[in-house]
Amino acid sequence: MAFDKEEKINENAAVLNEKIIYDGLEMKVIAVYNNSVAAEFLEFPVKGREADFPYSRTAVNHKNYQRTHEILDDK
C-alpha cells in the first residue's frame, strides 16, 4: 500500500523541529511519517556510543521516543 499524504499522521507523533528524547539522547525531528520520525542527534558523535550510532540521523518509531514539546530553531 502506498503512502497517502492526506492520511492523518499518528496523533501522538512529534512535529517538525521538535526536540525528542530517544534512548536518553536529545534529537531534533527533521521529518514525520505515519509510524516513525527521522531525527538527528543534537550532539554528534555520541561519545562512548559511536558503534551504536554511527550516523548523525536515524529513524525512530513513535513508540520509542519521548516528546518534549520544545520546538528548536530551524538552523
Side-chain angles (χ1 to χ4, degrees):
M1 182 165 118
F3 176 71
D4 180 4
K5 291 182 181 179
E6 299 301 318
E7 186 177 332
K8 181 166 175 52
I9 291 180
N10 184 322
E11 314 180 333
N12 300 317
V15 296
L16 267 170
N17 297 322
E18 181 176 343
K19 180 169 73 171
I20 61 171
I21 308 297
Y22 168 65
D23 200 21
L25 304 167
E26 294 181 340
M27 303 185 79
K28 177 181 175 182
V29 174
I30 57 174
V32 181
Y33 304 102
N34 282 336
N35 296 315
S36 62
V37 295
E40 61 187 4
F41 293 99
L42 294 183
E43 293 186 23
F44 189 81
V46 180
K47 291 184 172 61
R49 298 183 67 187
E50 294 86 355
D52 294 336
F53 303 109
Y55 305 105
S56 62
R57 298 176 174 180
T58 191
V60 184
N61 186 287
H62 293 307
K63 298 175 185 175
N64 295 334
Y65 62 81
Q66 295 174 319
R67 293 187 67 186
T68 66
H69 299 280
E70 178 183 342
I71 304 300
L72 302 171
D73 291 332
D74 189 22
K75 294 180 185 178

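What you see below is based on every heavy atom in this structure, not just the backbone, and it leaves out hydrogens, waters and symmetry mates.
- Scanning for side-chain contact (heavy atoms from CB on, under 4.5 Å) contacts around S56 gives F44, with sequence neighbours left out.
- The minimum heavy-atom distance between V32 and L16, with the atom names listed, is CG2-N, 4.1 Å.
- For the pair V29 and N17, the minimum side-chain heavy-atom distance is 4.5 Å or more.
- Among all heavy-atom pairs drawn from R67 and N12, the shortest one is CD-O, 3.3 Å.
- Sorted by first and then second residue, the salt bridge (Lys or Arg N to Asp or Glu O under 4.0 Å) pairs involving residues 53-64 (not counting sequence neighbours) are E40-R57.
- The side-chain hydrogen bond (donor to acceptor under 3.5 Å, both in side chains) check on Y65 picks up H62, with sequence neighbours excluded.
- The hydrophobic clustering, which links ILVMFWY residues whose side-chain heavy atoms are closer than 4.5 Å, places Y22 and L72 apart.
- R49 meets the salt bridge (charged side-chain N to carboxylate O under 4.0 Å, His left out) test with D23, D52; sequence neighbours excluded.
- In this structure, E50 and P45 approach most closely via the heavy-atom pair CG-CB, 4.2 Å.
- When all heavy atoms of V46 and E43 are compared, the pair lying nearest together is CG2-O, 3.9 Å.
- With sequence neighbours excluded, the residues forming a side-chain contact (heavy atoms from CB on, under 4.5 Å) with I21 are E26, Q66, T68, listed by chain and number.
- Counting side-chain heavy-atom gaps under 4.5 Å among Ile, Leu, Val, Met, Phe, Trp and Tyr, I30 is found in no cluster with other residues.
- Side-chain contact check for K28 versus L42: some heavy-atom pair is nearer than 4.5 Å.
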